[in-house]
Every structure is written in structure tokens, then in C-alpha cells.
**Q** 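Let me begin by handing over the structure; questions about it come next.
In this text the structure is predicted, and so the values were computed from the model without any measurement. All values below were derived from every heavy atom in this structure, side-chain atoms included, with hydrogens, water molecules and symmetry-related copies excluded.
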Amino acid sequence: MNPNFLEFERPIAELEAKIEELRYVGDDNDLNISEEIQRLRAKSVSLTEQIFGNLSAWQIAQLARHPQRPYTLDYLEEIFTEFEELHGDRSFADDPAIVGGMARLEGRPVMVIGHQKGRDTREKVRRNFGMPRPEGYRKALRLMQMAERFRMPVLTFIDTPGAYPGVGAEERGQSEAIARNLEQMARLRTPIVCTVVGEGGSGGALAIGVGDRVMMLGYSTYSVISPEGCASILWKSADRAQDAAEAMGITARRLKELGLIDAVVAEPLGGAHRDPAAMAASLKAHILEQLGELDGDDVETLLANRYQRLMAVGNFKE
Amino acid sequence: MSWFEKLMPSRIRTDAEERSRNRSVPEGLWTKCGACNAVLYRPEVERSQEVCPKCDHHMRIPARSRLENLLDRGSAQEIGGQIKPVDVLRFRDSKKYKDRLSQAQKATGEDDALISMRGRLRGMPVVACAFEFEFMGGSMGSVVGERFVRAADLALEERMPFICFSASGGARMQEALFSLLQMAKTSAALGRLREAGVPYVSVMTDPTMGGVSASLSMLGDINVAEPGALIGFAGPRVIEQTVRETLPEGFQRAEFLLEHGVIDVIIDRREMRDRLSRILAMLCGEPSPEIKRLEQVDTA
């Protein structure tokens with residue numbers, strides 16, 4: 001099977017393989033089989049629609065982690081111009097698991113910050129699989145505060161399995177770095193629009209995820225702990241990750257229903273990786289729309305609304 | 001056990017005696033230190049606020065005892081006690097969340113894992129809250145977040161110093177993303193105190209991990225820890241599995257954090273009340289509580 005297909009996409013993969021075969025036959029054969037190919041293509045589309053119309057939370061988690069999924073730098077390329085990457089936290093290091101810098105969005109200067117995973121093995125290791133260390137969060141905070149000074153909106157792209165659980169990260173205050181970002185983002189005097197584009201892994205995601213608007217791509221996930229982690233603690237077995245994914249309600253659709261996010265950005269048929277350009281165009285339109293809404297507010301209103309949104313989260317009785 | 005042995009203070013007794021006596025210890029009167037295994041006389045341990053008189057090991061204590069130890073006798077008034085948990089997600093793992101809640105409520109006598117109070121600390125009006133670790137590992141869900149924010153709001157409104165004793169495994173998984181977002185909610189509330197110059201002292205006790213550590217616990221104007229407390233973001237086992245090496249001695253303990261510049265100071269529980277009152281008086285520009293005490297003695 002083509003490795004770009006996930007296990008639950010097997011029927012689609014098989015059909016696509018058949019189409020490839022026929023095309024090959026068609027090339028060096030007089031038989032006109034283009035009609036047959038067209039019929040199979042239509043079938044492939046409807047099969048994809050059928051499978052993707054009814055995905056489980058766990059299947060969506062697989063899509064959110066798809067190796068071909070567009071990452072922050074891919075969106076930077078498609079959505080923005082003049083991206084000027086800025087590095088380092090000014091005190092310890094530059095963390096390649098978070099990228100950030102200035103860019104233009106339809107001509108307007110903005111600050112873009114996002115988690116970055118790697119595509120090939122070397123790059124994956126260099127980017128630490130998108131798991132930031134404290135210096136990554138501190139770089140992000142530095143850039144956000146700079147955006148505040150120069151009146152640029154902040155746009156964040158969230159895609160991480162979580163903050164890195166390592167000895168050095170703990171020594172340098174992983175908890176403090178995350179906590180500081182939460183506190184500062186809540187009162188940063190410039191608009192913030194956050195989008196979960198892949199995995200929204202726990203505190204490591206939230207640390208660049210406090211804003212005036214929070215959006216999620218259709219097949220992204222956002223959760224307090226990974227389904228595997230939750231399963232191994234509550235079910236005492238990582239094999240129950242499917243159940244944990246379902247129970248926690250980690251999908252964009254569910255979280256929108258619960259009122260925890262503002263918008264779901266639909267993905268192209270088969271997922272963002274099938275058509276990254278279309279995905280980026282749609283995401284860009286959504287970001288512009290959200291920013292447009294926020295532009296009408298003066299800073300005090302913006303901050304008051306942001307604070308109220310945070311305070312409103314929670315279920316209890318009294 | 002003879003009457004003479006009963007009278008003997010715990011620090012005189014030897015290990016050999018203790019080992020032979022372990023199984024015949026009568027319930028309630030004697031207790032064992034989890035760190036040095038010394039058998040301790042219960043009333044003596046209570047007098048020292050559950051700190052082992054032999055090895056200074058700080059045992060975990062209930063939230064209410066914490067606040068009683070801190071606040072002036074008779075001054076405490078609970079706030080936010082009427083806020084109670086609900087299971088909106090109908091979460092069910094190997095057990096229903098609802099059942100876990102009622103079990104924890106029965107075991108601890110509390111409705112959820114955070115207790116908040118207003119009261120006086122050596123005369124100074126303060127707001128203080130404490131995590132109940134026995135309630136689902138002191139995990140933070142909606143009720144913990146809301147009670148914390150109400151306490152912080154009161155502190156801001158009346159410009160009273162705010163103190164929090166944390167003891168928590170992190171965010172409560174059974175409330176899923178609602179729990180994660182309590183990190184942002186509590187941190188935002190603390191941002192307002194910071195802006196207004198109302199002091200917030202965070203006291204991290206054993207253990208303070210995960211989402212609680214990575215939000216309200218690390219945001220103190222002063223970050224205090226109790227000796228030996230385990231404090232960190234990721235649990236030691238998770239880290240060991242990730243880096244595949246054994247962790248350094250004392251890793252993630254209060255002393256380790258102090259050495260790495262993450263916390264301001266380690267304070268022994270038995271001195272906590274006096275030291276916190278002195279620190280807060282300085283932050284508030286108030287006269288020293290020590291002088292006030294001397295004056296009271298003079299006038300008496």
C-alpha cells in the first residue's frame with residue numbers, strides 16, 4: 001500500500017493503485033480505457049467522501065499526525081510574503097521546534113509563530129518532532145512582546161505532540177516558560193489569532209494558544225493529554241487510545257459543539273495533505289475574516305473580551 | 001509496649017526497636033515516617049505539622065490543615081465552597097467520572113480539589129487557597145479553576161495578598177480540554193494581580209506537576225517550595241522513557257529547582273507562617289509582624 005495512505009484509507013489506496021495500473025496499461029495499449037479510469041476515479045472520490053464523512057476521533061488523530069500534513073513553514077510559504085524568520089530567546093538558545101518571525105499578510109505586517117515538525121528523519125530530529133523546550137516558548141514570548149510594541153497582530157499555528165519531556169527542559173524551567181506565556185498572552189495588547197493545524201498537544205500547545213480567536217482545521221486535534229497517555233493512565237493500557245480519544249472529545253467538531261473554539265476550517269477531501277494549496281487558501285480567508293472582526297475593537301475592549309472568554313470556560317454548579 | 005517506652009520521645013528510640021515493633025503498633029497513636037521509617041508518636045507529629053521530627057521529611061497534609069496552620073485562629077472564612085463539580089462530558093474510562101467524584105468526595109469530605117479561604121495571617125488580611133491532593137490527585141478541573149479565580153478576584157478587589165499551596169498531579173483528564181483551559185484561566189487571573197501590584201506567593205508542596213505547575217504554581221511574585229517536594233512539568237517516569245537514561249540524583253526535587261534558578265526559596269513547613277507573614281508585610285510596605293508582636297507584648 002502507498003505509505004501516504006493511513007490504515008483506514010486502505011480501500012481508497014487499493015482503488016488508486018488499480019487506476020494507476022490501468023493508466024499504465026492504457027499508455028502502451030490501443031484499447032481505450034479512459035472511460036473505465038474515469039469511472040474508477042469517480043468511485044474513488046465517492047469512496048473517500050464516504051470514509052471521511054464518518055471518521056472516528058482516533059482516525060482524525062491519525063490524520064492530524066499524517067507525515068505529509070502541511071506544517072507551519074508550509075503555510076508561511078502559501079499565506080504570507082516577506083517572511084523574515086527571527087531566532088533565539090536571547091538568553092540560552094534557538095529552539096527549532098518553534099519558528100517565528102515577521103511577515104506580510106496581504107501587505108499588512110504581522111508576527112507569525114508556530115510549532116514546526118520535520119519532514120525527513122534528519123529534519124525531524126533537528127526540530128525535535130515539534131516538541132519545544134523552554135527556550136522555544138521564551139522565543140515565542142519575546143516575539144509576541146515585540147509584536148505588541150510595533151502594533152502587529154500575532155498569528156500562531158499549533159502543531160505539537162506536547163512540550164518536550166527532557167532533563168534539560170526541566171532544569172531550564174519548562175513549567176515556568178509555559179505559565180509565563182499563558183499569563184502574558186492573556187494581556188498582550190495586540191490581536192492574537194490561534195489556529196490548531198495538526199496536533200494540539202496539551203500545555204505545549206496552549207503555551208502559544210491563548211488568543212482572541214482560536215480556530216481548528218477540520219482534522220486537527222486538541223487535548224489535555226495524548227490519547228495514548230490518557231489510555232495508559234486511566235485504562236492502564238496504551239492500546240485503549242481509541243477509547244480515550246473518543247471519551248476526551250479531541251476533534252474540532254466536538255470542541256466547537258462544546259463552545260471551546262470559535263471556528264472549524266474545513267479541509268480538502270481526504271485531508272489537508274491532499275491539497276495543501278487549497279487548504280492554505282481557505283485558512284488565509286479565515287484568518288483575514290477573524291482579524292477583520294478584531295480590527296474594529298480598541299485595545300481595552302479587545303483585552304476585556306479576551307479575559308471574559310477565558311473566565312467563561314468551565315462547568316460547575318453552585 | 002511498656003509505659004516507659006510510651007513516654008520516651010521518638011528521637012531516642014533506635015531502629016532495631018522500631019523494626020521489632022512495627023507490626024504491633026496500635027492504630028492511631030503511632031505513625032511511621034515514609035522517608036526514614038522511624039516510628040513516631042502521633043501527637044508529636046501533629047505538633048510539628050506532619051514534619052518528621054527525626055529526618056525533617058515533609059509528609060503530605062490535607063488542604064484544610066494547611067490553611068488552619070497558616071491563618072490566625074478563628075479568622076478563616078471559606079470562599080467559593082458552593083461551587084461544585086458536574087460531569088458535562090459524561091466521561092467514562094474504566095470507571096465513570098461521576099463515580100470517581102463521589103468516591104473522592106466520600107474519602108476526603110471535600111467537594112473538589114481546591115479549598116479557598118479569606119482570613120488573617122498574623123493580623124494581615126489575606127486570601128489563601130490549598131490543593132487537596134487526596135481528591136483525585138489534586139487534579140485541576142473546572143471547579144478548581146473557578147474557585148482559584150474567585151479567590152484571586154477577591155484578593156484583587158480588596159487588595160489583599162494572595163497565597164496558594166499547590167499539591168497536584170496536573171490537569172484533570174476526565175474534564176478533557178476544559179481542564180487544559182483552566183491553566184489559561186487561572187494564569188490570566190494572576191496576570192491581573194500582577195498588573196495591579198497585589199502580591200501573590202506560590203508555595204509548591206509535594207507534588208506539584210503538569211498543568212498546575214505550568215500555570216498558577218510558577219507565577220508567584222515569589223515562588224516558594226517545601227523541602228524535598230517533587231516539582232516539574234513532565235513526570236520522572238515519562239522523562240526516563242523519553243531520554244532513556246537514569247535521571248540525576250534529586251532530579252525535580254525542590255533543592256534541584258533552587259539550584260537551577262526556578263524557585264526563589266525553600267521554606268520549612270514549621271516556619272512557613274512566620275516567614276510568609278514577614279515576606280508579605282515587606283511586599284505590602286507594612287510594618288514587620290515581628291515588631292507588631294513585640295509591641296503587643298509591651299502593651300500587654
Side-chain angles (χ1 to χ4, degrees), chain A residues 131 162-187 200 202-207 209-210 222-225 229-231 233-236 240 243-244 247-250 254-255 258 260-261 306-307 310-318, chain B residues 82-89 91-94 141-143 145-146 149 171-185 187-192 194-195 210-211 213-219 223 231-235 238-239 242-243 245 247-248 251-252 256-257 260-262:
Chain A
M131 293 186 283
Y164 184 59
V167 174
E170 295 288 327
E171 286 174 343
R172 296 192 295 278
Q174 185 76 286
S175 286
E176 195 274 344
I178 295 172
R180 187 63 58 204
N181 281 19
L182 304 180
E183 184 245 326
Q184 292 283 316
M185 287 184 92
R187 56 198 182 103
S202 190
L206 185 63
V210 179
Y222 197 3
S223 64
V224 65
I225 183 172
C230 179
I233 296 171
L234 292 183
W235 278 268
K236 314 275 177 229
R240 302 292 296 272
D243 299 304
M248 288 195 293
I250 60 177
R254 181 86 177 106
L255 295 172
L258 291 169
L260 292 172
I261 59 166
R306 191 187 302 160
Y307 192 77
L310 290 170
M311 293 306 127
V313 177
N315 299 299
F316 50 83
K317 57 184 180 199
E318 57 180 318
Chain B
Q82 76 284 5
I83 301 162
K84 295 184 165 62
V86 290
D87 174 22
V88 179
L89 298 174
F91 194 96
R92 181 183 191 147
D93 48 81
S94 51
S142 296
V143 172
E146 183 68 18
V149 166
R172 187 173 298 167
M173 282 174 284
Q174 289 85 352
E175 291 187 28
L177 202 69
F178 285 100
S179 295
L180 185 75
L181 296 178
Q182 300 308 311
M183 292 170 65
K185 178 170 171 173
S187 300
L190 290 172
R192 291 216 157 169
R194 198 179 176 86
E195 225 164 28
S213 153
S215 60
L216 58 95
S217 295
M218 283 292 172
L219 292 173
N223 288 336
I231 299 162
F233 179 67
V238 174
I239 296 175
T242 310
V243 299
E245 50 184 283
L247 302 173
F251 182 63
Q252 290 184 322
F256 177 92
L257 268 76
H260 284 91
V262 178

**Q** Any side-chain heavy atom of Lys84(B) sitting closer than 4.5 Å to one from Glu318(A)?
**A**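 Side chain of Lys84(B) against side chain of Glu318(A), heavy atoms only: no contact under 4.5 Å found.
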
**Q** Taking side chain as everything from C-beta outward and backbone as N, CA, C, O, which of these in Ile83(B) sits under 4.5 Å from a heavy atom of chain A? Side chain, backbone, both or neither.
**A**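 Looking at Ile83(B), backbone and side chain both touch chain A.
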
**Q** Taking every heavy-atom pair that is under 4.5 Å apart, which of Gly211(B), Ser213(B), Gly261(B), Gly235(B) has the most such pairs with chain A?
**A**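 Option with the greatest count: Ser213(B).
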
**Q** Pick from Ala205(A), Ala186(A), Pro165(A), Gly314(A): which one has the most heavy-atom pairs with chain B under 4.5 Å?
**A**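 The answer is Pro165(A).
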
**Q** Rounded to the nearest 0.5 Å, what separates atom OG in Ser179(B) from atom CE in Met248(A)?
**A**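 Atom-to-atom, Ser179(B):OG and Met248(A):CE are 10.5 Å apart.
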
**Q** Are any of the side-chain heavy atoms of Leu258(A) and Leu177(B) separated by less than 4.5 Å?
**A**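 In short, these two side chains do not touch, never coming nearer than 4.5 Å.
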
**Q** Please state whether the side chain, the backbone, both or neither of Arg240(A) comes within less than 4.5 Å of a heavy atom of chain B.
**A**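 Contact with chain B involves no heavy atom of Arg240(A) at all.
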
**Q** Test your reading of the model: is there a side-chain donor-acceptor pair from Ser94(B) to the backbone of Leu234(A), 3.5 Å cut-off?
**A**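 Checked: pair present.
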
**Q** What is the minimum heavy-atom distance between Val224(A) and Ala176(B), and which atoms define it?
**A**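 Heavy-atom minimum between the residues: CB-O, 3.4 Å.
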
**Q** Mind listing the closest non-hydrogen atom pair of Ser215(B) and Leu182(A) along with its distance?
**A**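 Shortest heavy-atom contact: CB-CD1, 4.1 Å.
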
**Q** In Å and rounded to the nearest 0.5 Å, what is the CD to CZ distance from Gln184(A) to Arg194(B)?
**A**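 Atom-to-atom, Gln184(A):CD and Arg194(B):CZ are 7.0 Å apart.
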
**Q** Walk me through it: do Leu89(B) and Asn315(A) pass the test side-chain contact (heavy atoms from CB on, under 4.5 Å)?
**A** CA-CA 10 Å; Leu89(B) 298 174; Asn315(A) 299 299; 6.0 Å; no

**Q** Working to the nearest 0.5 angstrom, can you tell me the gap between Ser202(A) OG and Leu180(B) CG?
**A**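 Between atom OG of Ser202(A) and atom CG of Leu180(B) there are 5.5 Å.
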
**Q** Just how far is it from atom CG of Asp93(B) to atom SG of Cys230(A), taken to the nearest 0.5 Å?
**A**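 Asp93(B) CG to Cys230(A) SG: 7.0 Å, rounded to 0.5 Å.
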
**Q** Does any backbone or side-chain atom of Tyr222(A) lie under 4.5 Å from a heavy atom of chain B? Answer side chain, backbone, both or neither.
**A**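 Both parts, backbone and side chain.
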
**Q** Go through the atoms of Arg187(A) and report whether side chain, backbone, both or neither lie under 4.5 Å from a heavy atom of chain B.
**A**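 Arg187(A) touches chain B through side-chain heavy atoms alone.
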
**Q** Non-hydrogen atoms of chain A under 4.5 Å away: do they reach the side chain of Phe251(B), the backbone, both or neither?
**A**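 Contact with chain A: side chain only.
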
